[in-house]
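Positions are given from 1 along the sequence. Below, each value reflects all heavy atoms present in this structure, side chains not excepted, and no hydrogens, waters or symmetry copies.
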Amino acid sequence: VLRELIPIHIICLLTEFFVAIGLKPENEIFSDVAPLDKYGYIEAGEDCSLGNGLFVAGDCRTKSVRQIATAISDGAAAAVSACRYIMSRG
């Protein structure tokens, strides 16, 4: 079935909006203590651990999605991982 394409224009009146401010992480200051990927993000697993007692969370970490929901999740994962690390040290 061939349908005729009709251009539709929708006008939305906004009262608020969010502006994303760049995609370049500012992690160079941590390069001596944390490995950075080729884009400058800190390389850490899903547990947010660097494996040496350091933990990283949020948009500075290497991951596929950068949204506030994932940054919040990272914070929780880093906190749990840090607690486990501390408990394992006795």
Side-chain angles (χ1 to χ4, degrees):
V1 175
L2 182 62
R3 295 184 179 167
E4 182 180 342
L5 297 177
I6 301 171
I8 298 174
H9 299 277
I10 299 173
I11 297 173
C12 297
L13 300 175
L14 303 175
T15 57
E16 300 174 15
F17 62 95
F18 174 79
V19 177
I21 304 174
L23 295 174
K24 182 180 181 290
E26 299 293 337
N27 293 329
E28 293 82 19
I29 191 170
F30 303 111
S31 64
D32 290 341
V33 295
L36 304 181
D37 70 7
K38 66 180 181 178
Y39 301 107
Y41 294 100
I42 298 172
E43 294 181 348
E46 288 302 309
D47 65 351
C48 298
S49 171
L50 297 177
N52 55 2
L54 296 176
F55 301 86
V56 61
D59 291 350
C60 62
R61 180 177 78 83
T62 299
K63 57 185 177 177
S64 60
V65 178
R66 299 189 196 296
Q67 296 178 346
I68 193 164
T70 62
I72 293 167
S73 174
D74 279 358
V80 170
S81 294
C83 286
R84 289 181 180 153
Y85 176 80
I86 292 168
M87 297 298 284
S88 73
R89 308 287 288 174

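Expressed to the nearest 0.5 Å, how far CG of D59 lies from CD of E26 amounts to 13.0 Å. In this structure, CD on E28 lies 4.0 Å from NZ on K24, to the nearest 0.5 angstrom. N27 contributes atom CG, which lies 15.0 Å from atom OH of Y39 (distance to the nearest 0.5 angstrom).
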May I have the step-by-step check of salt bridge (charged side-chain N to carboxylate O under 4.0 Å, His left out) for D47 and R84, ending in yes or no? CA-CA 11 Å; D47 65 351; R84 289 181 180 153; over 6 Å; no

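You'll find the side chain of I42 stays beyond 4.5 Å of the side chain of T62, heavy atoms only.
Across all their heavy atoms, E43 and L50 have their closest contact at O-CD2, 3.0 Å. Smallest separation of non-hydrogen atoms from C60 and A57: SG-O, 3.5 Å.
Around atom CD of E46, no more than 12 heavy atoms belonging to other residues, nucleotides or ligands sit under 6.0 Å away.
When hydrophobic clusters are built by joining Ile, Leu, Val, Met, Phe, Trp and Tyr residues whose side-chain heavy atoms come closer than 4.5 Å, directly or via intermediates, V33 is grouped together with L36. Follow the hydrophobic side-chain contacts under 4.5 Å out from F30 and you reach V56 in the same cluster.
Under the side-chain contact (heavy atoms from CB on, under 4.5 Å) criterion, A77 pairs with C48, not counting sequence neighbours.
Residue R61 forms a side chain to side chain donor-acceptor pair (under 3.5 Å) with just one option from T70, D37, D74, and that option is D74.
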